[in-house]
J.: 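Input: one structure, supplied below.
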There are 2 protein chains.
Amino acid sequence: MNDGPDFKGEKPNRTTLRHVATLAGVSEISVSRVMRNAPNISDKLRSKVMEAANALSYTPNRVAGALKNQSSNLVAVVLPSMNNDVFAAVLDGIESELNEHGLHSVLGLSQYDHDRELQVIRELLSWSPMGIIMTGLHHTAPIPEMIAQLDIPVVQIMDIEGTPIGSAVGISHSKAAVAAADHLYGKGYRKIGYIGAWNERPERSRARRIAFEGRLAELGAPLVASMIVDERSSAVAGSRTTADLLAQHPDIDCIFYANDDLAMGGLFHAMSANIDVPGDLGLMGFNGIEIGKATPLPLSSIQTPRFEMGQEAARLLLSAKTDGHRVVDLSFQVFEGKTA
Amino acid sequence: MNDGPDFKGEKPNRTTLRHVATLAGVSEISVSRVMRNAPNISDKLRSKVMEAANALSYTPNRVAGALKNQSSNLVAVVLPSMNNDVFAAVLDGIESELNEHGLHSVLGLSQYDHDRELQVIRELLSWSPMGIIMTGLHHTAPIPEMIAQLDIPVVQIMDIEGTPIGSAVGISHSKAAVAAADHLYGKGYRKIGYIGAWNERPERSRARRIAFEGRLAELGAPLVASMIVDERSSAVAGSRTTADLLAQHPDIDCIFYANDDLAMGGLFHAMSANIDVPGDLGLMGFNGIEIGKATPLPLSSIQTPRFEMGQEAARLLLSAKTDGHRVVDLSFQVFEGKTA
DNA sequence: CATCCGATTGGTATCGTTGTCAATTGAATT
DNA sequence: AATTCAATTGACAACGATACCAATCGGATG
């Protein structure tokens with residue numbers, strides 16, 4: 001294409017160490033060291049290099065660095081979906097902590113599909129991230145091995161009931177469910193129902209339902225009915241499902257929901273249908289989302305530390321080298337709203 | 001030149017092209033070609049290579065590829081914050097489209113800070129992304145130049161009123177505000193107020209307020225008052241601020257909010273205070289979030305295509321090479337709720 | 001059967017940075 | 001002034017994949 005052989009040298013390539021080194025009259029490796037704040041650099045050298053680097057507005061090429069180092073300033077973050085308040089908050093927490101250390105997330109969404117998760121993780125690992133944060137404790141076979149090969153820290157988030165690959169941070173979902181059951185029982189409800197959605201994705205919601213059901217049985221007020229719909233969680237779905245459940249089981253005096261979106265829908269249904277909450281019907285959600293606290297009757301819920309979970313996950317990742325594997329049980333709280 | 005087999009071979013390094021090539025009895029470059037589905041590969045070679053690659057569960061090292069190619073399968077995504085439904089939905093849209101093409105997002109959050117944005121973009125660009133998606137049309141000086149140097153496509157999202165660097169996708173915020181004004185005026189409201197938060201971040205909300213105010217003036221029903229609080233948008237803030245605004249201006253018969261979170265708070269306040277909505281007080285939000293549609297009185301709002309915006313941004317990025325710079329005006333819609 | 005041409009396959013250099021180890025400097029010591 | 005040793009600085013070879021160009025193969029052609 002080009003007749004002049006070294007015509008290519010002309011193309012406005014990114015400025016590299018070499019350019020800075022040439023301008024500063026030093027070696028490339030010295031520039032590299034200055035840029036990385038390596039020890040044992042004379043002030044004279046440093047200032048020469050910095051001057052040249054600024055003049056050329058040089059930015060190190062992370063790709064080359066990562067290749068040489070077999071590691072980067074990227075963190076692989078694998079979440080099921082972004083279609084969900086919860087994970088947005090978690091990601092926010094992760095980013096807030098990572099950013100303070102000059103790290104960045106490479107995102108992978110599994111869409112609640114194990115095959116997809118595997119593929120996504122494989123792709124993300126091919127970027128030599130310095131660590132990986134993933135959701136839940138259950139992962140298909142080759143995943144732990146793949147991560148072990150790279151020898152990078154892993155943090156699993158959301159759940160701590162099981163065997164983590166590396167570190168983990170989350171809450172005990174079964175304890176949270178028990179707390180919810182105790183709370184509702186304590187309020188005097190005896191005919192309690194449960195509403196979930198989207199075939200209990202994420203899986204953790206199933207663990208909660210089962211623990212909830214178990215606890216109610218222990219208390220002698222067994223779950224009256226549970227209704228799990230196929231569609232995604234939303235207030236609209238929660239509203240309709242609540243109506244359906246109450247129609248089928250008029251004796252129900254309280255409903256525990258898989259999440260606050262559904263519960264908000266339930267609350268709105270009750271408002272529309274002039275049902276006395278919490279008198280005739282108690283409602284309890286899960287997560288403690290912000291908007292639930294602004295309703296005329298604040299939504300009773302289990303408050304989960306989503307942002308903090310992300311933050312802590314990032315911290316665990318950063319401290320893994322020195323502190324090793326740790327499991328952090330972030331506490332949830334029963335949010336005493338006025339709906340149950 | 002290895003008398004003793006590689007000492008280094010001992011360390012449990014990632015499997016590389018070389019390992020696959022050796023096992024398959026072919027050259028490295030051939031393996032590379034097979035992995036990339038290059039043309040002119042015999043079926044025999046392909047199957048030999050695939051077999052070996054599977055046996056070793058080889059994954060190409062993207063870092064090395066990116067270094068050689070000066071380009072990667074990463075897309076830099078720069079958003080102001082994740083603390084916001086809106087950007088989570090946008091990111092979801094971006095990911096949904098990118099994932100279909102084997103691309104991944106590297107995330108950068110500017111936290112609404114221009115210096116931070118600059119720094120984040122610089123860092124992300126050092127990963128040789130194949131493109132960059134960023135928020136808004138206003139960016140501090142060196143940013144366009146930095147991107148131009150890499151010669152990668154840019155897509156700016158959210159806003160289309162201004163001069164994009166490359167492609168852009170969003171809505172006309174001033175038109176949306178005019179539509180809101182027209183809607184409210186059409187419903188008969190004449191004493192209209194405005195509530196915003198967090199010092200009008202993102203900037204687009206200011207553009208809306210100004211256009212809204214301008215339109216109302218044109219219509220002969222000038223804005224009665226606007227109240228912009230310092231704290232982050234939330235239903236709680238919206239509720240309190242609504243109470244404050246109504247206390248200061250009892251004659252207000254309608255409020256337009258910077259977003260649905262605030263508006264939901266307003267609606268909840270009205271419910272608690274037994275204000276007749278939409279009779280005595282009209283309420284209109286902005287964005288059309290899902291939960292607003294489940295309230296007993298569905299929240300009137302301007303429906304914005306957030307997920308689609310992300311999707312379209314990714315599409316624009318992918319088609320930039322063939323289609324060049326484009327500006328896509330995604331339409332908003334007046335969502336006719338029952339609060340105004 | 002020799003020749004030719006396109007289809008395949010391989011060798012080599014290179015992307016930009018950094019670890020390793022060698023070379024140099026310069027101040028402190030005897 | 002000679003010697004010593006730590007502090008600096010530099011040369012070189014990787015990291016793993018791929019572009020470029022050369023070499024080889026196979027079948028069609030005359």
Side-chain angles (χ1 to χ4, degrees), chain A residues 1-2 5-9 11-22 24-49 52-53 56 58-73 125-128 149-151, chain B residues 1-2 6-9 11-22 24-49 52-53 56 58-73 125-128 149-150:
Chain A
M1 188 181 277
N2 308 325
D6 47 354
F7 205 72
K8 289 194 142 182
K11 85 174 165 187
N13 250 339
R14 159 205 288 273
T15 62
T16 74
L17 276 183
R18 167 167 284 122
H19 302 147
V20 179
T22 305
V26 301
S27 72
E28 299 178 29
I29 184 70
S30 291
V31 178
S32 171
R33 286 202 261 253
V34 170
M35 298 311 290
R36 285 176 293 147
N37 281 313
N40 296 337
I41 298 288
S42 70
D43 291 347
K44 193 172 141 221
L45 179 68
R46 184 186 307 281
S47 61
K48 262 196 303 188
V49 169
L56 300 175
Y58 165 74
T59 307
N61 184 331
R62 300 282 184 183
V63 177
L67 176 58
K68 178 64 193 177
N69 278 344
Q70 308 268 52
S71 164
S72 68
N73 68 349
L125 291 184
S126 77
W127 280 101
S128 299
Q149 269 191 19
L150 292 196
D151 191 34
Chain B
M1 181 61 190
N2 23 355
D6 316 324
F7 223 9
K8 290 191 145 185
K11 81 178 167 186
N13 246 342
R14 161 205 288 274
T15 63
T16 72
L17 275 184
R18 166 167 284 123
H19 302 148
V20 179
T22 305
V26 302
S27 72
E28 300 178 29
I29 184 72
S30 292
V31 178
S32 170
R33 285 200 264 252
V34 170
M35 299 310 292
R36 285 176 293 146
N37 280 312
N40 296 337
I41 299 287
S42 70
D43 291 346
K44 193 172 140 222
L45 179 69
R46 184 186 306 282
S47 60
K48 263 195 304 189
V49 169
L56 301 175
Y58 165 74
T59 307
N61 183 331
R62 299 283 184 183
V63 177
L67 176 58
K68 177 64 190 177
N69 278 344
Q70 308 268 47
S71 164
S72 68
N73 68 350
L125 291 183
S126 77
W127 279 101
S128 299
Q149 268 191 21
L150 292 197

J.: What is the distance, rounded to the nearest whole Å, between atom CG of B:L45 and atom P of C:dT8?
T.: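 Computing the B:L45:CG to C:dT8:P distance gives 10 Å.
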
J.: Look at the side-chain N and O atoms of B:Y58 and state whether any lies under 4.0 Å from the OP1 or OP2 oxygen of D:dG16.
T.: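 Negative; the distance criterion is not met.
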
J.: Sort out for me which residue in A:R36, A:M35, A:E28 forms a side chain to side chain contact (heavy atoms under 4.5 Å, CB included) with A:S32.
T.: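 The single option meeting the side chain to side chain contact (heavy atoms under 4.5 Å, CB included) with A:S32 is A:R36.
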
J.: Taking CZ from B:R18 and P from C:dG10, how many angstroms apart are they, rounded to a whole number?
T.: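 B:R18 atom CZ is separated from C:dG10 atom P by 14 Å.
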
J.: Between atom CZ in B:R46 and atom C1' in C:dT9, what is the gap in whole Å?
T.: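 Result: 14 Å.
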
J.: I want to check one thing: is the phosphate of D:dT18, taken as OP1 and OP2, less than 4.0 Å away from some side-chain N or O of B:S32?
T.: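 It does, given that an N or O in the side chain of B:S32 lies less than 4.0 Å from OP1 or OP2 of D:dT18.
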
J.: When you check the phosphate oxygens OP1 and OP2 of C:dG16, does a side-chain N or O of B:Q70 lie under 4.0 Å from one of them?
T.: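 Yes, such a contact exists.
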
J.: Side chain of B:A64: nearest nucleotide among D:dA17, D:dT8, C:dG10?
T.: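 Side chain of B:A64 sits closest to D:dA17.
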
J.: Ignoring hydrogens and geometry, is there a side-chain-to-backbone donor-acceptor pair from A:S72 to A:S128 under 3.5 Å?
T.: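 Confirmed, A:S72 side chain pairs with A:S128 backbone.
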
J.: Under 3.5 Å, side chain of A:N69 to main-chain N/O of A:S71, donor-acceptor pair present?
T.: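 No; judged by distance alone, with no hydrogens or angles, the pair does not exist.
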
J.: Provide, to the nearest angstrom, the distance between the CG atom belonging to B:L17 and the C1' atom belonging to C:dT12.
T.: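 Distance, rounded to whole Å: 15 Å.
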
J.: Using whole Å, report how far CD1 of A:I29 lies from C1' of C:dG16.
T.: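 Checked: the CD1 to C1' distance equals 11 Å.
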
J.: In whole Å, I'd like the distance from the CD atom of A:E28 to the C1' atom of C:dG19.
T.: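 Between C1' of C:dG19 and CD of A:E28: 15 Å.
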
J.: Can you identify which nucleotide, out of D:dA17, C:dG16, C:dT9, has its nearest atom closest to the B:P60 side chain?
T.: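 Nearest to the side chain of B:P60 among the choices is D:dA17.
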
J.: Side chain to side chain contact (heavy atoms under 4.5 Å, CB included) for B:V31 and B:V26? Distances and angles first, verdict last.
T.: CA-CA 7 Å; B:V31 178; B:V26 302; 3.8 Å; yes

J.: Measuring from the side chain of B:L67 (C-beta onward, heavy atoms only), which nucleotide among D:dA11, D:dG16, D:dA19 has the closest atom?
T.: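 Output: D:dG16.
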
J.: Walk me through it: do A:L17 and A:Y58 pass the test side chain to side chain contact (heavy atoms under 4.5 Å, CB included)?
T.: CA-CA 8 Å; A:L17 276 183; A:Y58 165 74; 3.4 Å; yes

J.: Among D:dG16, C:dG10, D:dT8, find the nucleotide with the atom closest to the side chain of B:K68.
T.: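 For B:K68, the side-chain atoms sit closest to D:dG16.
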
J.: Between B:S42 and B:N69, which is nearer to the 5' end of DNA chain C once each is assigned its nearest nucleotide?
T.: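 Result of the comparison: B:S42.
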
J.: How close or far is atom P of C:dC21 from atom CZ of A:R33, stated in whole angstroms?
T.: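 After rounding, the gap between these two atoms is 14 Å.
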
J.: How would you label the contact of B:V26 with the nucleic acid (heavy atoms, under 4.0 Å): base, sugar-phosphate, or nothing?
T.: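 Sugar-phosphate, no base atom in range.
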
J.: Taking only side-chain N and O atoms of A:S27, does any of them lie within less than 4.0 angstrom of OP1 or OP2 on D:dT9?
T.: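 For D:dT9, neither OP1 nor OP2 has a side-chain N or O of A:S27 closer than 4.0 Å.
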
J.: For B:R14 and D:dG16, what is the distance between atoms CZ and C1' respectively, to the nearest whole Å?
T.: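 These atoms are roughly 9 Å apart.
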
J.: Tell whether B:R62 reaches the base of D:dG16 with its side chain through a donor-acceptor pair below 3.5 angstrom.
T.: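 Answer is no: no donor-acceptor pair is held.
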
J.: When you measure from the side chain of A:N61, which nucleotide among D:dG16, D:dA11, C:dT17 comes out closest?
T.: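 So the nucleotide nearest the side chain must be C:dT17.
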
J.: Would the number of heavy atoms belonging to other residues, nucleotides or ligands and lying under 6.0 Å from CZ of A:R18 be above 12?
T.: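 Not more than 12 within 6.0 Å, no.
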
J.: Using OP1 and OP2 only, check whether a side-chain N or O of A:R36 sits under 4.0 Å from C:dG19.
T.: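 Checking C:dG19 against A:R36, a side-chain N or O does come within under 4.0 Å of OP1 or OP2.
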
